[in-house]
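This report concerns only the one structure given below.
Keep in mind that what you see is a predicted model, and the values were worked out from it rather than measured.
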Amino acid sequence: MDFNAVKNKIWDGIVTAWRFIAKYWSRYHVWKLLIFIGLQVTLIASMYLVYLAKTSDVSTLKAGLATETVFYDRDSQEAGSVSRAKGTFVSLDQIAPVMQQSLIATEDKRFYQHKGVDPMGIARAAVGYVTHFGKITGGGSTLTQQLAKNAYLTLDQTLIRKAKELFLALEIERQYSKDEILEMYLNHAYFGNGVYGVEDASKRYFGKSAIDLSLSEAATLTGMLKGPSIYNPIDHYENAIARRNVVLDVMATNGVISSDDAQAAKGTELALENTYVPDSDYTYPYYFDAVIDEAIAKYGLSEEAIMERGYRIYTTMDQATQQQMTQTYSNSYLFPDASDGTRVQSASVAMDPTTGGVLALMGGRDEGDEHVFRGFNRATQMRVQPGSTLKPLSVYTAALENGYDADSMLQDEKTSYGSDNYTPENWNYQYQGEVTMSEALAMSWNAPAVWLLDKIGIDKGLDKLKQFGIPITDDDRYLGIALGGMTKGVSPMMMASAYTTFANQGIRSEGYLIQQIVDANGNVVVSNRRPTTYKVTTPKVAEEMTSMLLNVYTNSGTGANAQSGYQMAGKTGTTETVHGEGSKDQWMIAYTPDIVVTTWLGFDETNEQHHLEGTSENGIAPLFRTEMASVLPTTSLTAFGVEPSDNGDNGSFNLPDGINDTVKDFGDKLYDYGKKAKDKIMEWFN
C-alpha cells in the first residue's frame, strides 16, 4: 500500500471540503447565525438562572441559619431539634474583629467593594477552566458565592453549578447587607471535628468564645477553612501552624496588620482546650430519622433544607409513650444477645389506630451512645418474614367474611397440598383432628390455617392482604402465605398499620409521622392534618376478629408469657432459621382501642452462631411484656367493647401461665435432639 498516496488523497479531501464550507459560510452569513444562536442560548440560560435565584427564597436564609429545625409532638410541645451546617449562632459584634479581618483578607479582600461577584476572581477562574480543559479548578468565589454554594447548592465542581452560584450571590447581596452576609458565613462555615460556626469552633479548639479570639487563634481558624480535615490543630498541629502563618503573611501584605504583629503571632504556641458541648437535642434519634425520611420521600424536601432552614416540624409523637419505649430499650437484660457479644436487634412502632399517627418508634439498638444519623431504621426500612402474625390478615379475616365464625370447626391434620406436596406442620408436631377457629388462632396452629386458606381460596387471601397494605409479589401466590411465608417481607410500620383495622372498626389507618411543616418565616409548606384511611372489612368482622385475638395474651394463648397486666388483643409470630436451630424472627403485636404496638426481635444476619434460642418465652416475651406494661398506662385505657371468644376444649392446651411456651420449647428441643441423633447415626453408617 502506498501510504503517501493515501495521505495525499485524505489531504485533498480535507482541502476540498474546507473550500466548500468557506464558500457557503460567507454566502449565507453563518458567522452571524452562530452569533445569533449563541446570544439566544445565553439569554435563555441567564433567564433560567435568574429564575432559580429568585425562586430560592433567599429572604429566609438568615432566619434559617439562625434557627434550628425543631420537632414538636402531637400536642405542639417541643420534642427536640436538629441542625448540621451551622453551629451556635452569634451576632457579628460577638465575633472578634481579628477573626473578621483574617477571613476577609484571606478569602475575599474586596468583599466590601464588590456586589457579590468579583470580576477579577472570575477572570482567574476562567483561565483555570481553559487551562484545565473544561474542569472547574476553584478560585474566584467571593464569600457571598461560598455562602450561596453551602446553603443552596451541591459541592459539584461544574460550570452549571458555578453559574447558579453567581446568580444566587447577586440575589443574596440584594437582600442582605455586607455585615449580615459576613455574619451568616462565619456562623455557617465548617471547622472540622463535626463543628460548624465560629463560636463552637472557638470553644472546640481554644476553650473560649469567638469574641475572645487572639490574632494567632483567629488566623488558625481562618486557615482551617481551606481544609478542615488537614489544617485543624487537634489532628494536624504542624499543618495548622504552617497554614496559620500563611494567613498572617496575607494579612500583613494586605495591610490589615503590621509585619511586627504578624511575626509576634507566628511565634505564639497554640493553647488547645475543648469546652465545646455537642448539641444533644436530637432527643429521639430513630423517630426523628423517620420524620426526616418521610419529609424527603413523601414531600420532596431535601436533607440539607431540613437541616439548615429552621423548619418547625409538627409530628404525631406522644412523648410519654416514646419515653417509655426508649426506656424499655435501654434495659439490656431484656435482649438475648449472642454469646460472642453480637447484639440482637429489635424494632417497635406504636400507632394511633384511629389516625395512623405514629406515637412512638424505635428502629434498633445502638452500640453504646452512638447513633448513626439516618442510618438503617428497622421500624420503617426493614423487610423480614412476619411469621404467624400474618394469619389474621391472610386467612382469618377473609374466612369471617365468607361465613366462618369463631366456633367453626377446622381440620387439624398433617396434610400435603399441590403438586409440590407442601406440608405445613404444627409447632409441637401434634394434631387434634379438629379445632375451632378461635383455638387455631389463639394457639397459632399451622395446619388449620393452611387448610382454611385452601378452602376459601388463595386469591381471597391475597386480595385481603393488599387491602391491609401488605405488599405481595407473584411469588407469594402459594399456600405458605397463610403462615407468613413471603418473598420480600414486611416492616413493623406496615404491620402496625394493618392491625389498626381491627382496633378501628374495619378501617385501616395509613401510618405517618408528620402533621405539618412550617418554614422560618411562618409559611406552611406541608399540611397533613387529615389521616389517610381505607375500608378493609366490616365493623362486625373486626369485632369478631378482636374477640378471637383477645385470647392470644391470656393463659390459653401463645402470648401467655407476655401478659402485661392489661387486657390486649393481638398475635405472635416466629420464623425458623434455614439451619433448623432456634428461630430467625420473633414478633409480637398487641392492640387496644387506643394503641397498636408491633415489636420485632432478631439478628440483622442470622446464622448458626447468631439466632434466637428456644421460644418467645426467653426471647421477645420479656421485652414485650415490659414494653406494654409501661406504654399502655400512657393511653386512655379504653375498654374493649367485646369479650374474648370461647376457645372450647377441642384438644387445646389450656394450661397455667407459661406452660404453653414451655411445652413448645420442650417439643422444639426434643425435635432438635432427634434430628441430631439421626444425623449422627447416618454419619456412623456412612
Side-chain angles (χ1 to χ4, degrees), residues 71-76 79 286-301 306 311-318 321-322 347-361 363 377 379-383 386 389-390 392-394 397-398 401 462-472 488-518 524-539 541-543 545-546 589 591-598 635-636 638:
F71 300 96
Y72 295 86
D73 65 17
R74 64 176 182 172
D75 297 319
S76 299
Y286 279 111
Y287 194 101
F288 293 160
D289 283 355
V291 169
I292 295 174
D293 290 344
E294 185 174 290
I296 293 170
K298 192 173 181 179
Y299 300 113
L301 277 69
I306 294 167
Y311 289 115
R312 299 197 302 275
I313 304 180
Y314 294 87
T315 74
T316 61
M317 176 193 291
D318 180 84
T321 304
Q322 181 66 58
S348 287
V349 172
M351 188 176 291
D352 183 337
T354 60
T355 66
V358 176
L359 305 174
L361 180 150
N377 196 320
T380 58
Q381 298 171 335
M382 177 180 68
R383 299 293 182 270
T389 61
L390 204 67
L393 316 180
S394 61
T397 298
E401 291 175 345
L462 293 175
D463 289 342
K464 190 54 61 177
L465 280 177
K466 294 176 184 177
Q467 294 177 46
F468 277 112
I470 303 301
I472 58 175
K488 294 185 176 180
V490 297
S491 69
M493 177 77 100
M494 291 177 186
M495 296 303 287
S497 175
Y499 271 76
T500 63
T501 304
F502 307 132
N504 195 32
Q505 300 183 342
I507 305 297
R508 179 175 73 87
S509 298
E510 188 75 38
Y512 73 105
L513 298 98
I514 297 173
Q515 296 191 76
Q516 191 177 67
I517 301 179
V518 180
V524 177
V525 296
V526 170
S527 182
N528 184 34
R529 297 290 188 178
R530 298 182 62 184
T532 301
T533 58
Y534 305 90
K535 182 176 175 58
V536 176
T537 190
T538 65
V541 168
E543 185 177 281
M545 183 62 70
T546 294
I589 302 176
Y591 66 90
T592 72
D594 305 312
I595 194 171
V596 176
V597 180
T598 63
T635 71
S636 300
T638 304

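Across Ser497 and Arg508, no two heavy atoms sit closer than the pair OG-NH1, 2.9 Å. The shortest non-hydrogen separation linking Ala350 to Val597 is CB-CG2, 4.1 Å. Closest approach of Ala295 to Ile306, counting heavy atoms only: CB-CD1, 3.7 Å. For the residue pair Arg383 and Gly489, the shortest heavy atom distance occurs at CD-O, 3.9 Å. Taking each heavy atom of Leu359 and Arg74 in turn, the nearest pair found is CD2-NH1, 3.4 Å. Heavy-atom minimum distance, Ile514 versus Asn528: O-ND2, 3.2 Å.
Residues Tyr314 and Val526 have side chains not in contact (no heavy-atom distance under 4.5 Å, counting atoms from C-beta outward). Annotation: side chain of Gln467 is not in contact with side chain of Thr537 (no heavy-atom distance under 4.5 Å). Side-chain contact check for Leu513 versus Asp293: every heavy-atom pair is 4.5 Å or farther apart. With a 4.5 Å cut-off on side-chain heavy atoms, Thr380 and Ser491 do not count as touching. Between Lys535 and Ile507, some side-chain heavy-atom pair lies under the 4.5 Å cut-off.
For Thr316 and Tyr287, the side-chain atoms include at least one donor-acceptor pair closer than 3.5 Å. Side chain to side chain, Asp594 and Ser636 fail the donor-acceptor criterion of an N or O pair below 3.5 Å.
For CZ of Arg529, the number of neighbouring non-hydrogen atoms (other residues, nucleotides, ligands) closer than 6.0 Å is greater than 12. Counting heavy-atom neighbours within 6.0 Å of Gln505 CD, excluding the residue itself, gives a total of 12 or less. Enclosure of atom NZ in Lys298 by more than 12 non-hydrogen atoms of other residues, nucleotides or ligands within 6.0 angstrom is indicated.
Between Tyr499 and Tyr591, the two ring planes are tilted [angle within 30° to 60°].
For the atom pair CZ (Phe502) and CD1 (Ile589), the distance works out to 9.5 Å, reported to the nearest 0.5 Å. Once rounded to the nearest 0.5 Å, the distance linking CD1 of Ile313 with CD1 of Ile517 reads 4.5 Å. The OG atom of Ser76 sits 8.5 Å away from the CD atom of Gln516 when rounded to the nearest 0.5 Å. Here the straight-line distance linking atom CG of Leu361 with atom CG of Asp289 works out to 9.5 Å at 0.5 Å rounding. The CG atom of Asn377 sits 11.0 Å away from atom CD1 of Ile292, with the distance rounded to the nearest 0.5 Å. Expressed to the nearest 0.5 Å, how far CE of Met494 lies from CE of Met382 amounts to 10.0 Å.
The backbone N or O of Leu393 sits nowhere less than 3.5 Å from a side-chain atom of Thr397 that would complete a donor-acceptor pair.
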Next item on the list: Dump the intermediate steps for side-chain contact (heavy atoms from CB on, under 4.5 Å) on Val358 and Met493, then the final yes or no.
Entry: CA-CA 9 Å; Val358 176; Met493 177 77 100; 3.7 Å; yes

Checklist line | Verdict with supporting geometry, Thr389 and Thr598, side-chain contact (heavy atoms from CB on, under 4.5 Å) | finding: CA-CA 10 Å; Thr389 61; Thr598 63; over 6 Å; no

Next item on the list: Show your working on side-chain contact (heavy atoms from CB on, under 4.5 Å) between Thr355 and Ser509 and close with a plain yes or no.
Entry: CA-CA 6 Å; Thr355 66; Ser509 298; 5.6 Å; no

Item checked: Audit row: Phe288, Thr315, side-chain contact (heavy atoms from CB on, under 4.5 Å) steps and yes/no -> CA-CA 9 Å; Phe288 293 160; Thr315 74; 5.7 Å; no

